[in-house]
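The next block holds one structure in the form of structure tokens; read it before the comments.
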2 protein chains.
Amino acid sequence: MAAEQETVDGRRLRGERRRAQIIEATLAIVRRDGATGVTHRTVAKEAGITTSLTLYYFATLDDLLVAALTSVTDTYTHRIRRLMDTDEDPLDGLAHLIAESAGPGRERALAERELSTLAARRPALRPIARRWRDNVAELARTRSDDEDAIEALVALTDGLCTAILLDDHEADPDHIRALLGKTLFGDAP
Amino acid sequence: MAAEQETVDGRRLRGERRRAQIIEATLAIVRRDGATGVTHRTVAKEAGITTSLTLYYFATLDDLLVAALTSVTDTYTHRIRRLMDTDEDPLDGLAHLIAESAGPGRERALAERELSTLAARRPALRPIARRWRDNVAELARTRSDDEDAIEALVALTDGLCTAILLDDHEADPDHIRALLGKTLFGDAP
DNA sequence: CAATTAGTTGTACTATCGTACAAGTAGTAC
DNA sequence: GTACTACTTGTACGATAGTACAACTAATTG
């Protein structure tokens, strides 16, 4: 009844769409200019609306950043879950995902890094920011129950992304897959 | 002669001292409030001087950030070099350094992360930002010539620091040492 | 239909920022 | 001693930011 009530009210639906539009505009800004580029004015302009709207839906700048981090993290969560739900080698999928940081996924990976770094100074963001690592750990657990190896694999994925983003490090999926395998299994099966 | 000329001019010496003071104040701001807290005014206030002075020595905000990144990277470089110059187990020293990210070294580690992340959008900063990874790789090379293992170890150190900073992850030096050893040698010697 | 709720628009305030610029002080060279 | 150089102080401008607030429009409820 209450749940039905909520979806029926067209205003709320429109509000949700507007909210999503604003979050998308925020992410576009982060990807293009970095987290520091996010202001109510830049987001409003990107979304083609007034700042009053961004303020109506997100009372503070912080709210915008939190929503952006949540959104980008959701994206990664879906990606990794899909890797786990397939018959293919999940480590191979993960290697490809990491390798994307050098190409089509670079902006998104950098946005994730910049936004998640905010979590270090904001304990409230920790649960969101940790989800990437939790997701990778969960994926690793489908192939190993060695907790140390799993922990190392999670750290390795983080570190490889860092190298790619900050160093233009080599991003060959096969090479990355080998490193992941070595770390999780001791050899590289 | 020219070098001698430079150190004799008392004005230049004072300038260098002033410059170092400003960089130190910048780092204090980064550690306390993050890279976004760095403005000419906040730095000037922290150093007890006027913004005209910060501007005299660092024409742009960017110059300040670059100097701060260089400084914090120098600190880490010295630390790691010292680990290599000792008879002790360098991996053990590295593990302790990483573990510091959970305690006394947390602010510095976070500052390094925030500043080095700037390098992703500024190719000119890459050489500076990569030095941490180069240093760790060099340390690893004193113990292994397996380039894949070395690359994995570097990424692992990055990832472990991330987990500590963003997640309040466990930071037991012995545990970290074991992970480092496993990654570099296949076992944990 | 009136009242309430959700969304939208617009104005304006205070605060802070990066930076330009001029004037002054102090140290050095010739 | 003069000219030059390095450093220091102070003022002020234009721009942008976060945010408060009021008024209005549209949708929903009873």
Atom-to-atom span, CZ of B/Arg11 to P of D/dA6 - whole angstrom: 6 Å
B/Glu151 bridged to A/Lys182 by N-O distance under 4.0 Å: no
Rounded distance (Å) that lies between atom P of C/dG27 and atom CZ of B/Arg17: 13 Å
Presence of B/Arg18 side-chain N/O under 4.0 Å of D/dT8 phosphate oxygens OP1/OP2: yes
Residues which pass ring-ring contact (aromatic ring centres under 6.0 Å, His included) with B/Tyr76, listed by chain and number, not counting sequence neighbours: B/Trp132
Contact list for DNA chain C against residues 49-66 of chain B - heavy-atom distance below 4.0 Å: B/Leu55, B/Thr60, B/Leu61
Residues B/Glu24, B/Arg31: salt bridge by 4.0 Å N-O rule: yes
B/Leu13 CG - C/dG27 P separation (whole Å): 13 Å
Nearest-neighbour nucleotide for the A/His40 side chain, D/dG18, D/dA27, D/dT8 considered: D/dG18
Separation of atom CD in B/Glu16 from atom P in D/dA6, rounded to whole Å: 12 Å
Set of residues satisfying side-chain contact (heavy atoms from CB on, under 4.5 Å) with respect to A/Thr77, sequence neighbours excluded: A/Thr73, A/Arg81, A/Arg131, A/Asn135
Heavy-atom closest pair, residues B/Thr162 and A/Arg133: CG2-NH1, 3.6 Å
First encountered from the 5' end of DNA chain D, between A/Gly37 and A/Arg14: A/Gly37
Given D/dG18, C/dT19, C/dA6, the nucleotide with the shortest approach to the side chain of B/Arg41: C/dT19
Side-chain N,O (A/Arg12) to OP1/OP2 (C/dA6) below 4.0 Å: yes
Closest non-hydrogen atom pair, B/Ile150 against B/Ser144: CD1-O, 3.4 Å
